[in-house]
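Take a look at the structure below.
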Number of protein chains: 2
Amino acid sequence: MAFTNHNGPRPDTAQCYSKLNAAGDALYVIGGKWRLRIIIALSDGKRRFNEIQRAISGISARVLSNELKELEINGFVTRKVYTDFPVSIEYELTPYSDTLSPVIESLIEWGEMHRQRIMQGEPATAALEETL
Amino acid sequence: MAFTNHNGPRPDTAQCYSKLNAAGDALYVIGGKWRLRIIIALSDGKRRFNEIQRAISGISARVLSNELKELEINGFVTRKVYTDFPVSIEYELTPYSDTLSPVIESLIEWGEMHRQRIMQGEPATAALEETL
DNA sequence: CGGGATCCCATTTGATACTG
DNA sequence: CAGTATCAAATGGGATCCCG
């Protein structure tokens, strides 16, 4: 009964807090510049370290290495070592990563829309300079 | 005709790249720890600076100030000064922010699901310690 | 209340070189 | 190829003080 609306800030405040927490939890594990992009890069199948690095422009080997470890710890990615000759190592998404599909798809869709908007000169954003 | 699949890495590589770029564009403007959370905090109406700060646990005044400016520049938020006495300042989402709904909702939903999973002890994640 | 300015530390990152 | 080691540089972010 913590939140009765006797006249406090707003009745929906509690709901908003729970949303903020949920978003915080999500961002904790998949936030940051690279995480989602790595998952996207792996989304059409196994890939090797250098393949991933080439796919994601701007990421360094060190950062990629660290992020892959984190993603593995959190159950999004598995690392497999194939001992056939020559030895190769491949990263692959786990089924748990699939639960991110709605997030990733909506993000990509929004990104495409946003790019269109920027290219039509809507706001004064120097944003996409580098990408263009 | 850049990508004919004469035998390259994979035929869907080009598509994957465009997804990665779209995601990159999106993350460029709404990435980071705070952006989306601020938008969520404003999603049920105008709010004042200190209200927002209280809603988002862990954010400092300086960071909030900077993020709000960025969000304003990029067209997600408007800052309104009410000159009635006493003067008050309120932040409000623009209609453009509404286009983020699918992203935000899927993120929140995933976050809730993820939390459940963590609390059942699935992976060895020390992740949510602080939130709990 | 709504911030801006400053200081200062900690973490992140980039670049480069190196290794099994 | 798949990373690791190391150092320098950039960035982030807290603390504090201040102002209108």
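Each chain gets a letter, A, B and so on, in the order its sequence line appears, and its residues count up from 1.
Residue B/R79 is the one, among B/R79 and A/V63, whose nearest nucleotide of DNA chain C lies closer to the 5' end (criterion: closest heavy atom). Residue whose closest nucleotide on DNA chain C sits further toward the 5' end, between B/R54 and B/N66: B/R54.
B/E109 CD: 12 or fewer foreign heavy atoms inside a 6.0 Å radius. Around atom CD of A/E90, more than 12 heavy atoms belonging to other residues, nucleotides or ligands sit under 6.0 Å away.
No donor-acceptor pair closer than 3.5 Å links the side chain of B/S88 to the backbone N or O of B/Y82.
Considering only side-chain N and O atoms, A/K80 lies nowhere under 4.0 angstrom from the phosphate OP1 or OP2 of D/dA2. The side chain of A/Y91 places an N or O atom within less than 4.0 Å of a non-bridging phosphate oxygen (OP1 or OP2) of D/dG3. Distances shorter than 4.0 Å separate none of the side-chain N or O atoms of B/W34 from OP1 or OP2 on D/dG12. An OP1 or OP2 oxygen of C/dG3 is reached within less than 4.0 angstrom by no side-chain nitrogen or oxygen of B/K69. Phosphate proximity of C/dG4 to B/S65: present, with a side-chain N or O under 4.0 Å from OP1 or OP2.
One N or O donor and one acceptor, one from the side chain of B/R62 and one from the base of D/dG14, sit under 3.5 Å apart.
As judged by a 4.0 angstrom heavy-atom cut-off over every strand, A/R48 is placed among residues touching the sugar-phosphate backbone only. A/K33 comes within contact range of no nucleotide atom at all, as no heavy-atom separation falls under 4.0 Å. Contact annotation for A/G32: no contact, since no heavy-atom pair falls under 4.0 Å across all strands.
A cation-pi contact links B/R117 to A/Y96, judged by a cut-off of 6.0 Å to the six-membered ring centre and 45° from its axis.
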